[in-house]
Amino acid sequence: MTTKSDYSVLFVCLGNICRSPLAEAVFHSKARQAGLSVSVDSAGIINYHAGKRPDPRTLEVGQSNGYSFENSYARQVEATDFTRFDHIFAMDKNNLEALKALQPKGSHAQLQLFLPLIQDCHKTEVPDPYYGGVQGFRQILQLIEQASDALVELIKRTSSVK
Ligand code: 4NP
């Protein structure tokens, strides 16, 4: 028997090998620690990396900070995501625009950028770290941890965000 989680969230970036699998792993860990009932997944706008494990730099930085990527394999966003998930968080504005274009009419998922959940955050986008070094992955981990903490607090404060 499956029980419906109280809160379902999908994280989306371009390739689903760097930012969104990291967000999935971090938020999953923090939600679990907070005792929240959540369903979490991630996906990419493009299918180029479909079936692949997260980028080695995502794994290095994420795992060394205690996050798990056990069942993480890249996949492309699909139409059913807009009904399966209540909330879809985009890593950047391009991802958000692409999601808006893909969203089937009448589907209920709420689309928004992830970083504005952080109070007084000067950044609105998680920078794409793909073409840089491992330091970029450490920087995005910090942003993703802050936004994940904010999302956990938001869910704890109110069930009306469902
Ligand atoms: P992500 O990073 O969107 O955070 O997974 C990227 C991964 C792959 C590519 C671009 C960004 N790419 O061009 O293949």
Side-chain angles (χ1 to χ4, degrees), residues 7-33 38-104 107 109-119 121-152 154-155:
Y7 197 93
S8 59
V9 52
L10 180 71
F11 295 105
V12 172
C13 61
L14 182 62
N16 193 210
I17 55 169
C18 300
R19 293 165 291 177
S20 61
L22 196 52
E24 177 189 349
V26 169
F27 178 68
H28 188 260
S29 165
K30 288 179 178 293
R32 211 179 141 150
Q33 276 173 22
V38 293
S39 165
V40 192
D41 199 2
S42 65
I45 298 298
I46 58 174
N47 73 354
Y48 185 72
H49 299 282
K52 286 191 202 157
R53 295 281 290 146
D55 186 281
R57 296 161 296 178
T58 299
L59 293 175
E60 180 191 327
V61 169
Q63 288 172 337
S64 66
N65 282 276
Y67 300 110
S68 168
F69 298 85
E70 219 173 316
N71 297 312
S72 189
Y73 293 90
R75 71 170 180 89
Q76 191 173 24
V77 172
E78 47 196 57
T80 52
D81 287 326
F82 296 90
T83 48
R84 268 182 67 204
F85 295 94
D86 300 319
H87 298 269
I88 301 181
F89 288 102
M91 296 296 121
D92 66 34
K93 290 174 187 167
N94 285 338
N95 305 153
L96 184 60
E97 289 312 307
L99 284 166
K100 285 179 184 168
L102 289 169
Q103 181 162 33
S107 56
Q110 283 184 22
L111 315 182
Q112 58 196 295
L113 289 170
F114 191 36
L115 287 196
L117 290 177
I118 307 170
Q119 219 174 9
C121 188
H122 56 286
K123 279 184 185 286
T124 52
E125 303 181 288
V126 181
D128 184 346
Y130 186 64
Y131 292 104
V134 74
Q135 184 57 27
F137 286 75
R138 294 195 189 101
Q139 285 163 0
I140 67 162
L141 174 63
Q142 289 190 350
L143 292 169
I144 285 169
E145 285 182 324
Q146 287 176 52
S148 296
D149 283 334
L151 183 53
V152 166
L154 183 67
I155 297 169

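Excluded from the calculations below are hydrogen atoms, water molecules and symmetry mates; all remaining heavy atoms, backbone and side chain alike, are included. Just follow the structure's listing: the first ligand is 1, and inside any ligand the first atom is 1.
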Item to check | Asp149 (side chain) donor-acceptor with Gln146 (main chain) under 3.5 angstrom | outcome: no
Item to check | pair Phe82-Leu102: side-chain heavy atoms closer than 4.5 Å | outcome: yes
Item to check | Side-chain ion pair, Lys100 and Glu97, N-O less than 4.0 Å | outcome: yes
Checklist entry - Say you draw a straight line from CZ of Phe27 to CD1 of Ile144; how long is it, rounded to the nearest 0.5 Å? => result 13.0 Å
Next on the checklist: So does Leu10 get a backbone contact from the side chain of Arg84, meaning a donor-acceptor N/O pair under 3.5 Å?
Outcome noted: no
Next on the checklist: If the contact criterion is a heavy-atom separation under 4.0 Å, does Met91 count as touching ligand 1?
Outcome noted: no
Next on the checklist: Quick check: Cys18 and ligand 1, any N/O pair under 3.5 Å apart?
Outcome noted: yes
Checklist entry - Any side-chain heavy atom of Lys52 sitting closer than 4.5 Å to one from Tyr73? => result no
Checklist outcome for this item: Near Gly15 (heavy-atom distance under 4.0 Å), the atoms of ligand 1 are 1 (P), 3 (O), 5 (O)
Checklist outcome for this item: Looking only at protein heavy atoms, what sits closest to atom 4 (O) of ligand 1 is Arg19 NE, 2.7 Å
Next on the checklist: Using only atom types and a distance under 3.5 Å, with no angle test, would you say the side chain of Asn16 pairs donor to acceptor with the backbone of Arg75?
Outcome noted: yes
Checklist entry - With respect to atom 2 (O) of ligand 1, which of Asp55, Asp128, Ile17 exhibits the smallest heavy-atom separation? => result Asp128
Checklist entry - Going by the order shown, which atoms of ligand 1 are within less than 4.0 Å of some heavy atom of Cys13? => result 1 (P), 3 (O), 4 (O), 5 (O)
Next on the checklist: Please list the nearest protein heavy atom to atom 14 (O) of ligand 1 with its residue and the distance rounded to 0.1 Å.
Outcome noted: His49 NE2, 2.8 Å
Checklist entry - At a 4.0 Å threshold, what atoms of ligand 1 neighbour a non-hydrogen atom of Tyr131? => result 13 (O)
Checklist entry - Tell me, which protein residue and heavy-atom name are nearest atom 12 (N) of ligand 1, and how many Å apart are they? => result Tyr130 CE2, 3.6 Å
